[in-house]
Every structure is written in structure tokens, then in C-alpha cells.
There are 2 protein chains.
Amino acid sequence: MSESERSLASEELADRLAEVFDLVGPLYRRAFRKVEQDATIEGLSVGVRAVLTMLRDHGPMTVPQMGRALALSRQFVQRMINDAAARGLVEFVPNPAHKRSSLIRLTREGRTAITAVVDRERAVLRQVGGDLSGAEVDACIRVLSRLLRSLDNVEIE
Amino acid sequence: MSESERSLASEELADRLAEVFDLVGPLYRRAFRKVEQDATIEGLSVGVRAVLTMLRDHGPMTVPQMGRALALSRQFVQRMINDAAARGLVEFVPNPAHKRSSLIRLTREGRTAITAVVDRERAVLRQVGGDLSGAEVDACIRVLSRLLRSLDNVEIE
DNA sequence: GAAACAATGACACCCTGGTTGTCATGAACG
DNA sequence: CGTTCATGACAACCAGGGTGTCATTGTTTC
């Protein structure tokens with residue numbers, strides 16, 4: 001592959017990736033509203049919903065860890081966690097690694113609540129799937145993950 | 001494929017799609033910040049940037065059309081457009097179809113500004129592309145489009 | 001053509017997600 | 001140790017974005 005061909009290809013790829021970003025905005029907003037409608041039934045704000053799902057999929061973690069994983073400021077996550085803790089959805093357990101920063105763990109109530117929300121969302125997604133193949137969805141996940149990781153380094157370079 | 005197999009498959013597909021959504025949130029936030037840093041150089045807010053790209057890719061459209069396309073309220077889009085118009089980035093041209101609602105069109109200044117922003121973003125994306133294949137990106141676009149469309153109907157059904 | 005209805009623009013108000021800044025404290029590490 | 005780094009707590013603030021309302025102008029239907 002010649003130099004010009006390569007740059008042409010990466011040129012076009014960049015265009016397609018831009019298209020991906022153009023989809024992410026609207027998709028985020030629509031999903032946001034859907035989640036908002038949906039999670040408020042359990043009395044969860046969008047922010048709380050996000051941290052609870054994180055804990056559900058990832059097991060106990062510290063607040064700063066979650067902030068990084070969700071691309072949210074640690075202070076914001078802290079607020080969400082404090083809120084969740086005040087409602088008994090989440091509890092603090094000692095962290096063997098860092099003594100100051102305790103691990104956050106779902107309580108049984110928390111697990112119940114977030115599971116209810118997520119299950120309801122999954123029910124919607126099941127009908128959505130339609131003719132999408134597993135391979136396509138996998139590719140999508142790979143592309144998005146890659147984009148996510150690359151935006152991490154934006155400030156560094 | 002038996003009934004149980006099909007439902008198993010759609011069950012699993014739903015899980016993967018949920019994964020996609022979990023990526024959309026962080027990705028949106030990171031991209032948002034990147035755009036913020038980037039577009040403020042031209043003095044464009046994120047909202048203005050969104051409507052200008054829309055006009056750039058799609059040609060002249062009315063405010064309500066853009067609202068639907070971007071999953072934003074028509075009032076919000078209107079504000080962005082008025083803002084853009086006040087700075088001469090955009091102009092109103094008579095709409096043959098609807099007499100009240102004029103078409104919004106990029107001015108030359110607007111095109112210049114948005115092109116500068118988008119080009120700078122593309123430069124970043126070019127390096128990001130890496131080992132992603134065109135097919136993967138296409139699949140990603142298809143999946144996201146599908147999700148977007150399906151969330152449209154959420155309130156209807 | 002008039003009357004009813006739908007869509008647009010304009011303006012005001014509000015909510016909340018999310019950041020930044022600061023400070024004090026406790027951990028890690030030379 | 002002293003210093004530096006990470007965490008929690010709290011406050012202030014910003015801006016994206018929605019909703020509600022009104023007047024106006026189209027559009028439609030009888």
C-alpha cells in the first residue's frame with residue numbers, strides 16, 4: 001500500500017468515524033430520556049443509575065475508580081454515591097488496598113433496584129435487536145471502545 | 001432455529017446492546033469535552049457546533065427538522081440558530097414548502113468556521129483509526145442508527 | 001371563505017447533570 | 001520524618017437542555 005493510498009484510506013476512515021460521533025450525540029440524548037423516564041420509577045436519578053450499573057457489572061470499586069471508568073469527575077460520582085448510600089442502595093466496605101478510600105458495594109436493596117431498571121431496559125432492547133447480527137454488535141463495541149480509549153489520551157499528547 | 005434458541009439469542013443480543021449503551025455515555029462525555037475545548041477556539045458553543053455540522057452535512061433545513069434529527073427540542077435549536085445568526089454564521093432563506101418557517105443556511109463565514117472545527121477533529125480521528133477496518137466502522141454505524149431509530153418509537157408503542 | 005387546527009418563533013423560567021475550586025485529612029513514599 | 005499525592009466533603013457555579021405559554025401565521029376542512 002502506497003503512502004498516498006494509506007492516507008486516503010485513513011482519510012475516509014476518519015470520515016466514517018466522524019459519522020459515528022454524529023450518531024453518539026442524538027443516541028445519548030434519547031437514551032438519556034428513556035433512562036430518565038424509566039429509572040425515576042425506582043426513584044433513581046440518571047447519575048445514580050449510572051454508578052449502580054457500574055457496581056453491578058464490575059463489583060465493588062472506589063469512587064475515583066468509577067469516575068475514571070465513567071468519564072465523570074470524582075466529585076460528581078461521590079455525590080451520587082452519597083445519595084445512594086443515604087437511601088441504602090450502597091454501602092461502604094473497608095478497602096484492603098487503600099485504607100482511606102473505601103470500596104463501594106451494592107446492598108441487596110441496591111441490587112434489586114438496579115436489576116429492575118436494567119431488566120426493563122433489556123426488555124426494550126430485545127425487541128430492538130431485530131436483524132442485527134452478533135458480529136455487527138461486536139464490531140460496534142470494538143469501535144466504540146477504541147474511540148473511548150483514544151479520547152483518553154487527547155489531553156496527554 | 002427453535003423458539004428457545006431464538007429467544008436465547010435475542011437475550012444475548014440484548015446484553016451486547018446494553019454494552020453498547022454503556023459505552024455511549026462515557027464516549028459522549030469525553031467527546032463533548034473534546035469538542036468544547038476545540039470549538040471554543042472558533043467561539044462556538046457545543047450546541048451551535050451541532051447545528052452547524054447538521055447544516056453542513058445536510059444542506060439548508062428548518063429549525064424543527066433539525067430538532068428532530070438531532071434529538072433536541074425545537075426551542076433549543078432555535079436558540080442556537082438565533083445565536084448563530086446573530087454572529088453571521090447562518091442566514092434565513094425563504095422556504096418554498098412552508099412559508100412561515102424559513103430554511104436555515106450556512107453563510108460563508110459559518111461554513112468556514114464549522115469546517116475549521118470539523119477538520120481539526122478529523123485530524124484527531126485520523127490518528128485514532130488505527131487497526132479499525134472500514135467494515136467494522138460500517139457495522140458500528142448501522143448498529144447505532146438502528147438503536148437511534150428504535151428509541152424514536154419508544155414513546156409510541 | 002370562515003373556522004378550526006397545527007406548526008412556528010419568541011421569550012421566560014427552570015432543572016439538573018456535571019465541573020471546578022478549595023480545604024482538611026489521611027495515606028504512601030522518599 | 002517531611003512531603004507529596006489521593007481522597008472526601010462541601011460550596012459555588014456553569015451550561016445544556018427541557019417545558020410552558022403566547023401570539024402569529026399557515027394549513028386544512030367543511
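Basis for what follows: all heavy atoms, side chains included, without hydrogens, waters or symmetry-related copies. For clarity, every value in this text was computed on a predicted model and none was experimentally measured. Note on naming: letters A, B, ... go to the chains in the order of the sequence lines (proteins, then strands), and numbering restarts at 1 for each one.
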Sugar-phosphate, base or nothing in reach of B:S101, heavy atoms under 4.0 Å: sugar-phosphate
Mind checking whether [X] and [Y] have side chains closer than 4.5 Å, heavy atoms only?
X	Y	result
A:L89	A:D83	no
B:F21	A:V35	no
A:D22	B:M54	no
B:L55	B:I114	no

Salt bridge (charged side-chain N to carboxylate O under 4.0 Å, His left out): pairs with one or both residues in residues 47-57 of chain B, sequence neighbours excluded: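 Listed once each, the pairs are B:R49-B:E121.
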[X]: side-chain contact (heavy atoms from CB on, under 4.5 Å) partners, not counting sequence neighbours:
X	answer
A:E136	A:L132, A:S133, B:A139, B:R142, B:V143
B:T107	B:E91, B:E109
B:S101	B:T62, B:P64, B:H98
A:F32	A:Y28, A:E36, A:V46

Please answer whether the main-chain N or O of [Y] pairs with a side-chain N or O of [X] as donor and acceptor at a distance below 3.5 Å.
X	Y	value
B:S73	B:F76	yes
B:S45	B:V48	yes
A:R16	B:G134	no

Overall bend - the helix from C:dG1-D:dC30 to C:dG30-D:dC1, comparing terminal axes fitted on five pairs, nearest 10 degrees: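 Rounded value for the end-axis angle: 40°.
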Apart from A:L103 itself, residues in the same hydrophobic cluster as defined by side-chain heavy atoms under 4.5 Å: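 Members alongside A:L103: A:V93.
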Partners meeting salt bridge (Lys or Arg N to Asp or Glu O under 4.0 Å) with A:R79 (sequence neighbours left out):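 By the salt bridge (Lys or Arg N to Asp or Glu O under 4.0 Å) rule, A:R79 matches no residue at all.
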Set out, line by line, the N/O atom pairs under 3.5 Å between protein and nucleotides 10-13 of chain D.
none

Range on DNA chain C touched by chain A - first to last nucleotide, heavy-atom distance under 4.0 Å: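 Listed 5' to 3', the contact boundaries are C:dG17 to C:dA28.
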Along DNA chain C (nearest heavy atom to each residue), the more 5'-positioned of A:Y28 and A:R74: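 Upstream on the strand: A:Y28.
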Between D:dT7 (C1') and A:F76 (CZ): distance, integer Å: 18 Å
Using nucleotides 3-5 of chain D, report all nitrogen or oxygen pairs with the protein that are shorter than 3.5 Å.
none

Residue from B:R122, B:R33, B:R120 passing salt bridge (Lys or Arg N to Asp or Glu O under 4.0 Å) with B:D38: B:R120
Neighbours of DNA chain C within residues 44-67 of chain B, by heavy-atom distance under 4.0 Å: B:V63, B:P64
